[in-house]
Amino acid sequence: MPDTVQAAPTAAATDPAALGVMQGFPPPPERTVRLADTTSWRFPNTRWSFSHQRELAPSAAIRRGPSAPAGLPYALRDDLDAVPFVTQDGQPMTWGQSVDVNFTDGLVVLHRGQVVYETYRGALQSHVPHLAMSVTKSFAGLLAAMQVHDGALDPAAPVTAYVPELAGTAFADATVRHVMDMTTGVRYREDYVDPDAEVRFYGVAAGFSPAPKGYAGPTTIFDFLKTLKKEGEHGQAFAYKTCNTEVLGWIVQRVAGHAFAELLSERIWQKLGAEEDGYVMVDAVGFALCGAGLNVATRDLARFGEMMRLGGAFNGQRIVPEAVVADVASGARKEDFAKAGYVTLPGWSYRNQWWVSHNRFGAYSARGIHGQVCYVAPGAEMVIARFASHPTAANGNGPLDRVSLPAYEALAEHLTRS
């Protein structure tokens, strides 16, 4: 008999509400999602769990404060779903089709500060925070860049000037700038499929995933970072490794004398006029997952992107120094980035934990696996905030980029012309 070809999953067929995931009191065992048995990380359960992280693991609140939310005027448009483009694979598609293909959970598009497109799917609602994955890194990088601007942090100083506990590790002779731009030479494989990759043990130490049977390794992020060894030379090439952000988060918190959640609340979230409290996942000793643990509502991520588009000013006040935003937008050495071999990102660079396109719209973005993004395109006066639960977790987001990047540029072009 011929082999049966199994159809690829679709967003509609994996909707958690339609599947009855975590419905009932209690839900049936086959529809129950837990961290302890890894069901929270299995697709399509992720379409529910990415919107319910604080129900699965410990977290720290990012308070929005007592002020009223900053207004987001609405000018919703009915012409955007039909905007055509061609994927990097040469397939014709429309914006509306791309929203489904990318397993979108929540999406807000701003143009000139107005909401022109908004949708929520699956388990996500407008007021519910969603796991931002590595979008978190850009918040950590921004806090570090603000400390540099304030004179509290020296990017040329060795990491050990701030965290002497890392002497004897891969970071012993790295500078703060090496960590900020991910040009360290450290043995750390960001391979989500390889069970022996360092990112797996980072996940255990961070509390993101349960320890395998017989595990005797580190159980906190602090202790995990102390185990990493050098591989290659610092400052030679960009290599995307979450451990860099966790080191940077350690530095930022030590310099400030405040926890990551408190810093985000005081320096950004309260000033931004966020609608909802955010939160960040924490490890066994309450240390924030600065590389992957942020959870915020979609409209609030859009507000954050709009603040960046406007050069750091929003809600009637200066939140981020204009020079810091300009430094992010200018990017870093393209030659260093090219060595990482991202075929979907030619001509890009990486600066202060932000991905910089250097395209005609001057776009740069905060990005996370499974489809999380805050895409800022100053030249098109456009911001896209998207949360998703795509079944594929890929370093660099290549499978999504082939659709998303041309879709973003097509939408930017359409909004600029109309």
Side-chain angles (χ1 to χ4, degrees), residues 14 16 19-24 26-61 105 122-123 129-137 187-228 241-243 245-247 249-250 259-261 279-295 368-372 387-395:
T14 57
L19 294 176
V21 176
M22 291 298 284
Q23 294 183 25
E30 69 275 12
R31 294 289 183 260
T32 299
V33 176
R34 298 184 181 91
L35 178 67
D37 62 5
T38 72
T39 50
S40 64
W41 286 103
R42 298 177 197 167
F43 185 85
N45 291 342
T46 49
R47 304 213 62 208
W48 181 89
S49 65
F50 287 177
S51 299
H52 294 85
Q53 286 293 295
R54 62 182 161 197
E55 296 159 47
L56 298 167
S59 63
D105 296 326
H130 188 287
L131 181 60
M133 296 292 186
S134 290
V135 168
T136 314
K137 292 178 171 68
R187 178 170 175 76
Y188 181 96
R189 289 163 294 170
E190 195 89 12
D191 185 335
Y192 307 109
V193 177
D194 183 353
D196 296 321
E198 287 79 4
V199 70
R200 290 285 183 169
F201 301 110
Y202 159 73
V204 172
F208 247 154
S209 56
K213 186 177 181 179
Y215 179 77
T219 55
T220 70
I221 294 174
F222 292 132
D223 289 338
F224 170 76
L225 295 174
K226 296 176 189 176
T227 70
L228 297 177
K241 299 175 180 180
T242 296
C243 58
T245 317
E246 296 299 354
V247 170
W250 195 345
F260 187 69
Y279 62 94
V280 63
M281 313 313 294
V282 297
D283 70 6
V285 294
F287 183 65
L289 280 60
C290 300
L294 182 69
N295 294 256
I369 57 171
H370 296 288
Q372 326 317 321
F387 288 123
S389 47
H390 193 280
T392 301
N395 182 2

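We use all heavy atoms of the structure for the numbers below, so side chains are in, but hydrogens, waters and symmetry mates are not.
- In summary, R47 and D105 engage in a salt bridge, as defined by a charged side-chain N under 4.0 Å from a carboxylate O.
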Pair T242, E190 - check side chain to side chain donor-acceptor pair (under 3.5 Å), show working. CA-CA 7 Å; T242 296; E190 195 89 12; 2.7 Å; yes
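- Separation of atoms CE (M133) and CG (N295) is listed at 9.0 Å; rounding is to 0.5 Å.
- Y279 contributes a side-chain N or O that, together with a main-chain N or O of R54, makes up a donor-acceptor pair within less than 3.5 Å.
- At distances below 3.5 Å, not a single donor-acceptor pair connects side-chain atoms of R200 with backbone N or O atoms of S209.
- Expressed to the nearest 0.5 Å, how far OG1 of T392 lies from OH of Y192 amounts to 12.5 Å.
- Checked by atom type and distance alone, the side chain of T245 never pairs as donor or acceptor with a backbone atom of C290 at under 3.5 Å.
- Environment of CZ in R42: crowded, with over 12 heavy atoms of neighbouring residues, nucleotides or ligands closer than 6.0 Å.
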Begin with the C-alpha distance, continue with both residues' side-chain angles, and end with the deciding distance and a verdict on side chain to side chain contact (heavy atoms under 4.5 Å, CB included) for E246 and F224. CA-CA 10 Å; E246 296 299 354; F224 170 76; over 6 Å; no
Run the side chain to side chain contact (heavy atoms under 4.5 Å, CB included) test on L225 and Y202 for me, step by step, so that the C-alpha distance in whole Å, both residues' side-chain angles and the decisive distance to 0.1 Å come before the verdict. CA-CA 8 Å; L225 295 174; Y202 159 73; over 6 Å; no
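- The six-membered or imidazole ring of F50 lies away from that of F387, with a centre-to-centre distance of 6.0 Å or more.
- Rounded to the nearest 0.5 angstrom, W48 CH2 and T39 OG1 are separated by 9.5 Å.
- Distance check: M22 CE to L56 CG gives 7.0 Å after rounding to the nearest 0.5 Å.
- The salt bridge (charged side-chain N to carboxylate O under 4.0 Å, His left out) test applied to R187 returns E198, E231, not counting sequence neighbours.
- The aromatic rings of F201 and Y215 sit parallel, their planes meeting at an angle under 30°, below the 60° perpendicular limit.
- One finds the OG1 atom of T220 at 9.0 Å from the CZ atom of F287 (value rounded to the nearest 0.5 Å).
- Rounded to the nearest 0.5 Å, atoms CG (L289) and CD1 (I221) are 4.0 Å apart.
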